[in-house]
Participant: 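Structure incoming, see below.
Both ligands and their constituent atoms are indexed starting at 1 by order of listing.
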Amino acid sequence: MQDSRTLIFGKDGQAGKALQAKFANNPHINFIGRNECDLESTDQISATLQKFKPQIIINAAAYTAVDKAEQEIELSNQINATAPRLMAKYISQTPNGQLVHYSTDYVFDGSKNFSYLESDLTGPLGQYGKSKLSGEITIQDIFKSKTNSTSKYFILRTSWVYGDGSNFIKKMLRLAQERDQLKVIFDQHGVPSSAEWLAQIVIQLIASDAKSGIYHSVPDGQTTWHGLACFAIQTAKELGCTLKVNPQAIQASPATEYPLPAPRPYNSRMDNHKLKDALQIAHFPQWESQVSEYVKKIVSQQK
Ligand SMILES: NC(=O)c1ccc[n+]([C@@H]2O[C@H](COP(=O)([O-])OP(=O)(O)OC[C@H]3O[C@@H](n4cnc5c(N)ncnc54)[C@H](OP(=O)(O)O)[C@@H]3O)[C@@H](O)[C@H]2O)c1
């Protein structure tokens with residue numbers, strides 16, 4: 001990857017900023033944000049691909065406004081499905097090209113009692129999940145239709161992402177400083193994933209001889225939103241943060257108390273063994289160790 005012409009879309013998002021941090025100063029890598037290429041415009045996407053002629057594309061851009069998507073069906077489909085289709089078309093015709101595309105746990109309806117496998121039936125509950133699923137399907141269809149292609153695609157389904165940007169952990173730490181009571185959902189299950197760790201996974205996958213396909217890309221372990229909030233707030237407290245809320249006093253609420261335009265899956269847990277096998281790694285870090293490092297970083301930035 002070091003010497004391959006690489007385009008990274010979504011440079012200003014959480015995943016994109018983590019990729020920027022990993023690849024700073026590499027002259028072969030170009031980072032693209034909305035100002036350089038608006039993914040609403042197929043003309044701009046085509047022009048960008050023709051200009052840079054990438055061998056590798058990493059698509060970390062997405063329409064991620066989960067509730068707003070219910071009203072913005074066309075726009076969310078354009079960014080989450082049409083744009084990746086153009087990227088896939090381009091890379092599938094590029095000798096030894098690689099496309100890495102981020103996707104989501106929201107492609108599932110959350111009704112399974114165990115962790116989801118890559119082969120499990122999808123069934124998104126809302127438009128965001130539907131548009132992301134369309135993106136996955138279109139990428140796979142394009143590569144399937146190019147039987148002689150020497151290029152590869154990797155679709156990384158991840159969940160509960162946090163990094164440099166707005167996210168649940170930051171929100172909980174802020175609320176814990178402002179309020180003396182906190183209620184958090186206890187009946188939705190998932191795996192928090194660090195954007196920084198995901199960037200490392202992308203590098204490893206590109207360098208590997210892994211086959212094209214979908215890979216569930218989450219660290220080890222699992223929790224609930226309530227479990228994550230308690231852990232992050234407890235960690236901040238141990239680091240000397242002044243908080244109004246005592247972690248033991250965070251109340252557990254059912255998701256039904258917070259009706260939203262787009263329903264969220266109750267179970268977002270995804271099995272990561274396929275990715276581990278592809279990378280020949282026995283264990284990924286536990287989510288707690290990554291969240292702990294992240295909270296340390298946030299707290300030190302506040303001091
Ligand atoms: N965040 C999560 O909890 C989560 C969970 C599961 C999966 N994922 C997936 O992980 C990936 C990265 O998520 P993230 O948290 O990094 O998202 P994010 O912080 O919301 O970043 C998304 C990026 O996409 C860009 N973008 C949106 N519309 C665009 C357009 N029309 N033209 C060009 N760029 C556009 C945004 O640009 P602006 O900065 O200009 O708005 C933003 O920088 C996405 O594929 C997402 O679906 C995220």
Side-chain angles (χ1 to χ4, degrees), residues 7-22 31-49 57-69 72 74-84 86-87 99-108 110 116 122 124-136 139 154-172 188 190-199 201-202 214-219 225 228 262 264-265 268-270 272 287 290-291 294:
L7 261 194
I8 300 183
F9 288 95
K11 75 176 170 80
D12 300 314
Q14 296 193 93
K17 282 185 183 161
L19 288 161
Q20 285 200 61
K22 286 269 181 245
F31 292 93
I32 307 291
R34 196 188 290 262
N35 288 343
E36 291 79 30
C37 176
D38 187 340
L39 297 180
E40 278 184 57
S41 158
T42 51
D43 287 349
Q44 285 192 31
I45 299 170
S46 300
T48 303
L49 297 177
I57 294 179
I58 303 172
N59 181 29
Y63 180 106
T64 54
V66 176
D67 291 315
K68 223 169 146 196
E72 296 190 325
E74 208 176 309
L75 180 61
S76 53
N77 284 335
Q78 173 67 33
I79 296 162
N80 291 346
T82 308
L86 296 178
M87 295 175 198
L99 170 66
V100 182
H101 174 76
Y102 287 73
S103 192
T104 173
D105 51 317
Y106 281 33
V107 297
F108 296 116
Y116 279 97
T122 50
L125 298 172
Q127 169 56 23
Y128 164 73
K130 285 180 190 158
S131 67
K132 292 293 291 184
L133 180 60
S134 297
E136 291 188 357
I139 291 171
F154 301 114
I155 295 171
L156 306 188
R157 280 189 192 142
T158 187
S159 62
W160 298 17
V161 176
Y162 57 91
D164 185 353
S166 306
N167 59 62
F168 176 82
I169 299 176
K170 278 191 187 164
K171 186 175 174 188
M172 289 301 118
Q188 288 174 344
V191 188
S193 305
S194 142
E196 194 182 330
W197 175 76
L198 285 168
I201 290 294
V202 169
I214 297 176
Y215 290 89
H216 287 175
S217 309
V218 291
W225 291 118
L228 174 55
R264 272 54 170 174
S268 280
R269 291 170 295 165
M270 295 187 287
N272 59 17
W287 68 266
Q290 297 188 343
V291 169
Y294 181 70

Participant: Any idea which part of Y128 is under 4.0 Å from ligand 1, heavy-atom wise: side chain, backbone, both or neither?
Facilitator: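 Side chain only; the backbone of Y128 stays clear of ligand 1.
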Participant: Atom 25 (C) of ligand 1: which of G135, S159, A15, A62 has the nearest heavy atom?
Facilitator: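 Nearest option to atom 25 (C) of ligand 1, by heavy atoms: A62.
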Participant: Could you check whether the rings of F108 and Y116 sit parallel, tilted or perpendicular, using 30° and 60° as the cut-offs?
Facilitator: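 Ring orientation of F108 relative to Y116: parallel.
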Participant: Polar contacts were defined as any N/O atom of the residue lying under 3.5 Å from an N/O atom of the ligand; does this apply to G16 and ligand 1?
Facilitator: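 Checking ligand 1 against G16, no N or O pair falls under 3.5 Å apart.
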Participant: Please identify which atoms of ligand 1 are closer than 4.0 Å to at least one heavy atom of T158.
Facilitator: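 Within the 4.0 Å cut-off of T158, ligand 1 contributes 6 (C), 7 (C).
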Participant: Per the side chain to side chain contact (heavy atoms under 4.5 Å, CB included) rule, which among L49, V100, I32, I8 passes with I57?
Facilitator: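 Among the candidates, only L49 passes.
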Participant: Which atoms of ligand 1 sit under 4.0 Å from any heavy atom of A61?
Facilitator: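 Near A61, meaning under 4.0 Å from one of its heavy atoms, ligand 1 has 24 (O).
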Participant: Is the shortest side-chain heavy-atom distance between R34 and Q44 below 4.5 Å?
Facilitator: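 A side-chain contact under 4.5 Å is absent here.
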Participant: Answer with yes or no whether the side chains of D105 and S159 bring together a donor and an acceptor at under 3.5 Å.
Facilitator: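 Judged by distance alone, the side chains do not pair up.
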Participant: May I ask you to identify the nearest protein heavy atom to atom 41 (O) of ligand 1, giving residue, atom name and distance to one decimal place in Å?
Facilitator: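 Its nearest protein heavy-atom neighbour is R34 NH2, 3.0 Å.
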Participant: Please determine which of E72, K130, Q127 meets the side chain to side chain donor-acceptor pair (under 3.5 Å) test together with N77.
Facilitator: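 For N77, the side chain to side chain donor-acceptor pair (under 3.5 Å) check succeeds only for Q127.
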Participant: Is the shortest N/O to N/O distance between V161 and ligand 1 below 3.5 Å?
Facilitator: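 Indeed, backbone or side chain, V161 has an N or O that close.
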Participant: Look only at the side chain of N80 and the backbone of Y63, and say whether a donor-acceptor pair between them is shorter than 3.5 Å.
Facilitator: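 Yes, the answer is positive, given that a donor and an acceptor are paired below the 3.5 Å cut-off.
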Participant: Using heavy atoms and a 4.0 Å limit, tell me yes or no: is S103 in contact with ligand 1?
Facilitator: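 S103 counts as a contact of ligand 1 under the 4.0 Å cut-off.
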Participant: As an exercise, identify every atom of ligand 1 less than 4.0 angstrom from a heavy atom of D105.
Facilitator: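 Selected atoms, number and element: 6 (C).
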Participant: Examine the proximity of ligand 1 to K132 and report which part, side chain or backbone, both or neither, has a heavy atom under 4.0 Å away.
Facilitator: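 Within the 4.0 Å criterion, K132 contacts ligand 1 through side-chain atoms alone.
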Participant: What residue and atom, counting heavy atoms only, is the protein's closest point to atom 21 (O) of ligand 1, and at what distance?
Facilitator: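 Protein heavy atom with the smallest distance to atom 21 (O) of ligand 1: G13 CA, 3.2 Å.
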Participant: Can you confirm, on distance only, whether ligand 1 has an N/O atom lying under 3.5 Å from any N/O atom belonging to D38?
Facilitator: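 Min N/O separation from ligand 1 is below 3.5 Å for D38.
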Participant: Among protein heavy atoms, which sits nearest to atom 20 (O) of ligand 1, and what does the distance come to when rounded to 0.1 Å?
Facilitator: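 Residue, atom and distance for the closest contact: T64 OG1, 2.7 Å.
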Participant: Any sub-3.5 Å donor-acceptor pair from K171's side-chain atoms to S166's backbone N or O?
Facilitator: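 No; zero donor-acceptor contacts below 3.5 Å.
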Participant: I139 and M87: side-chain contact (heavy atoms from CB on, under 4.5 Å), yes or no, with the steps?
Facilitator: CA-CA 8 Å; I139 291 171; M87 295 175 198; over 6 Å; no
Participant: State, to 0.1 Å, how close I58 and Y102 come at their nearest heavy-atom pair, and which atoms those are.
Facilitator: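 The answer is CG2-CE1, 4.1 Å.
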Participant: For I45 and C37, what are the C-alpha separation, side-chain angles and deciding distance, and is it a side-chain contact (heavy atoms from CB on, under 4.5 Å)?
Facilitator: CA-CA 6 Å; I45 299 170; C37 176; 4.0 Å; yes
Participant: So, is T104 polar-close to ligand 1, with some N/O to N/O distance under 3.5 Å?
Facilitator: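 The answer is no, given that T104 and ligand 1 share no N or O pair closer than 3.5 Å.
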Participant: Under the criterion ring-ring contact (aromatic ring centres under 6.0 Å, His included), which of Y162, Y294, W225 is the partner of F168?
Facilitator: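 When ring-ring contact (aromatic ring centres under 6.0 Å, His included) is applied between F168 and each of Y162, Y294, W225, only W225 qualifies.
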Participant: Where does S166 meet ligand 1, judged by heavy-atom distances below 4.0 Å: at the side chain, the backbone, both, or neither?
Facilitator: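 Contact part for S166 vs ligand 1: neither.
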Participant: Please test I201 against Y215 for side-chain contact (heavy atoms from CB on, under 4.5 Å), starting from the C-alpha separation and ending with a verdict.
Facilitator: CA-CA 11 Å; I201 290 294; Y215 290 89; over 6 Å; no
Participant: Are the side chains of M270 and R157 in touch, meaning some heavy atoms are under 4.5 Å apart?
Facilitator: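 Counting from C-beta outward, M270 and R157 do come under 4.5 Å.
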Participant: Give the intermediate values and the outcome of salt bridge (charged side-chain N to carboxylate O under 4.0 Å, His left out) for residues D67 and R264.
Facilitator: CA-CA 10 Å; D67 291 315; R264 272 54 170 174; 2.7 Å; yes
Participant: Quick check on contacts: which atoms of ligand 1 are under 4.0 angstrom from a heavy atom of W160?
Facilitator: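 Counting atoms of ligand 1 from 1, those under 4.0 Å from W160 are 3 (O), 5 (C).
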Participant: Provide, to 0.1 Å, the distance between atom 39 (O) of ligand 1 and the closest protein heavy atom, together with that atom's residue and name.
Facilitator: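 Here the nearest protein heavy atom works out to D12 CB, 3.7 Å.
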Participant: Is C37 in contact with ligand 1, taking contact as a heavy-atom separation below 4.0 Å?
Facilitator: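 For ligand 1, residue contact (heavy atoms, under 4.0 Å) with C37 is present.
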Participant: What's the shortest distance from atom 11 (C) of ligand 1 to any protein heavy atom, and which residue and atom give it?
Facilitator: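 Its nearest protein heavy-atom neighbour is Y102 CB, 3.5 Å.
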Participant: Would I79 count as being in polar contact with ligand 1, using the rule that some N or O on each side must be under 3.5 angstrom apart?
Facilitator: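 N/O-N/O distance under 3.5 Å: no.
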Participant: State whether the shortest distance between N or O atoms of L39 and N or O atoms of ligand 1 falls below 3.5 angstrom.
Facilitator: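 Yes, L39 has an N/O under 3.5 Å of an N/O on ligand 1.
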Participant: Just jot down the ligand 1 atoms closer than 4.0 angstrom to any heavy atom of A60, in number order.
Facilitator: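 Counting from 1, the qualifying ligand atoms are 12 (C).
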Participant: Any N/O of G33 closer than 3.5 Å to an N/O of ligand 1?
Facilitator: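 In fact, backbone or side chain, G33 has no N or O that close.
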Participant: I want to know if ligand 1 touches Q14 in the polar sense, i.e. an N/O pair below 3.5 angstrom.
Facilitator: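 Yes.
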